[in-house]
Amino acid sequence: MSATLSFTAPTAHGPREITLAYARVGTGEPLVLLHGIGHHRQAWDPVVDILATERDVIAVDLPGFGESAPLPPGLPHDLPTTSAVLGAFCAALGLDRPHVAGNSLGGLLALELGRENLVRSVTALSPAGFWTQAERRYAFGVLTGMRRTARTLPLPLVERLSRTAVGRTTLTSTIYARPGRRSPDAVVAETLALAHAEGFAETLRAGRSVLFTDDVPGVPVTVAWGSRDRLLVPRQGVRAKRVIPRARLVRLPGCGHVPMNDDPALVARVLLDGSRAQSARALRTSFSTVAL
């Protein structure tokens, strides 16, 4: 079910009224899904139906992305503000410390929510924030180029490219290892989402100084990385493990930066096991830690 929710978020700049778009489906313990920069909640579509068999799944459009409006004037699109907004969003939905999973920017936000003890488990897929400055500059340069391309290409050309595997590769191979598997409609929609993302520039600007350097004590954490991630290279997962030593580090063979479409069954399994916060034994028997 797709909906919007307006609520008051207590930010460092005072309480502000925020409206976020989200989709909710399934039954069970709540699991909040957070997408990456320039994307939208539909990035999770390949795994939502699987997750919904065991979880109450809430996929959110982050502020300034998808169908969610940017943050009000005067509020920065930075990590503390966006985390406060997401915490208030969960409270407004009546979610008491939900499980949370995120990809890229969403993975960083999920870890921050875990660090603040606002969630009961964290699963982060290729999370931002574990880069060197050279790696960050490279990733931001690629993202800026993707954004420029999305805003420049005429819609009829995007639609034409999306109809062939070669065209889908041209448009999306930076984030997918298997871009031919992405549906034409999804490729068009996410290209438009990137082109129209009002929060893109401010979010990218705020990320220039971001490094995730704190442990996440008391919350089960899974960090998963695609072996073919071309945007945030897999060695960053090893750094994440050093920062969060009790985290499970999982390799996603053959997956790119946005792995949900590359291997939905594997990613759904990682998410479900990662959200079994009260059953660490299930995590130990499902995966072994792999050096990336």
Side-chain angles (χ1 to χ4, degrees), residues 1-25 29-44 55-124 127-129 193 196-214 216 218-219 221 275 277:
M1 180 183 68
S2 179
T4 58
L5 179 68
S6 296
F7 56 94
T8 300
T11 76
H13 302 267
R16 299 294 182 89
E17 188 76 7
I18 309 291
T19 300
L20 295 183
Y22 68 99
R24 189 171 190 174
V25 64
E29 295 183 353
L31 170 61
V32 176
L33 303 178
L34 308 175
H35 62 77
I37 187 170
H39 228 310
H40 56 175
R41 66 179 187 268
Q42 288 84 353
W44 298 98
R55 296 287 179 267
D56 173 14
V57 181
I58 302 99
V60 187
D61 278 331
L62 295 175
F65 299 98
E67 297 178 62
S68 290
L71 295 174
L75 285 188
H77 284 250
D78 59 10
L79 188 60
T81 304
T82 307
S83 297
V85 166
L86 291 171
F89 168 81
C90 291
L93 280 181
L95 306 178
D96 180 21
R97 297 185 73 242
H99 303 287
V100 64
N103 173 224
S104 195
L105 167 64
L108 171 64
L109 289 165
L111 289 168
E112 180 66 11
L113 292 170
R115 190 186 66 79
E116 295 175 358
N117 203 32
L118 296 176
V119 297
R120 67 182 74 178
S121 75
V122 173
T123 304
H196 299 150
E198 296 181 71
F200 183 89
E202 286 197 28
T203 301
L204 202 66
R205 191 178 303 115
R208 290 175 182 168
S209 60
V210 168
L211 281 175
F212 196 89
T213 58
D214 295 329
V216 184
V219 176
V221 175
S275 65

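- Looking only at distances, no side-chain donor or acceptor of S6 sits under 3.5 Å from a matching main-chain atom of T19.
- Proximity of E29 to S275: side-chain heavy atoms (C-beta onward) are nowhere separated by under 4.5 Å.
- Within the 3.5 Å criterion, the main-chain N or O of A206 finds no donor-acceptor partner in the side chain of D78.
- A donor-acceptor distance shorter than 3.5 angstrom exists from the side chain of R120 to the backbone of D96, with no hydrogens or angles considered.
- Atom CG of residue N103 and atom CG of residue L108 lie 11.5 Å apart, to the nearest 0.5 angstrom.
- In this structure S104 satisfies the side chain to side chain contact (heavy atoms under 4.5 Å, CB included) test together with L232, H257, sequence neighbours excluded.
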Please output the side-chain donor-acceptor pairs of residues 7-18 that fall under 3.5 Å, not counting sequence neighbours, one pair per line with the distance.
unit_1	atom_1	unit_2	atom_2	d
T8	OG1	E17	OE1	3.1
T11	OG1	H13	N	3.1
T11	OG1	G14	N	3.4
T11	OG1	G14	O	2.7
R16	NH1	P73	O	3.1

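- Expressed to the nearest 0.5 Å, how far OG1 of T4 lies from CG of L20 amounts to 9.5 Å.
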Quiz prompt | Criterion side-chain contact (heavy atoms from CB on, under 4.5 Å) on R41 and V60, from CA distance to verdict | solution = CA-CA 6 Å; R41 66 179 187 268; V60 187; 5.9 Å; no
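- Within a 6.0 Å radius of CD in Q42, other residues, nucleotides and ligands contribute more than 12 heavy atoms.
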Quiz item: L93 and Y22: side-chain contact (heavy atoms from CB on, under 4.5 Å), yes or no, with the steps?
Solution: CA-CA 11 Å; L93 280 181; Y22 68 99; 3.6 Å; yes
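- Rounded to the nearest 0.5 Å, atoms CZ (F65) and NE2 (H196) are 14.0 Å apart.
- One finds a salt bridge joining R115 and E112 here, because a Lys/Arg side-chain nitrogen approaches an Asp/Glu carboxylate oxygen to under 4.0 Å.
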Quiz prompt | Verdict with reasoning, L34 to L113, per side-chain contact (heavy atoms from CB on, under 4.5 Å) | solution = CA-CA 11 Å; L34 308 175; L113 292 170; 4.3 Å; yes
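- In this structure, CG in L5 is found 10.0 Å from CZ in R24, a value given to the nearest 0.5 Å.
- A donor-acceptor contact shorter than 3.5 Å links the side chain of H35 to the backbone of L62.
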Exercise. Take L118 and C90 through the test side-chain contact (heavy atoms from CB on, under 4.5 Å) and record every step on the way to the result.
Key: CA-CA 9 Å; L118 296 176; C90 291; over 6 Å; no
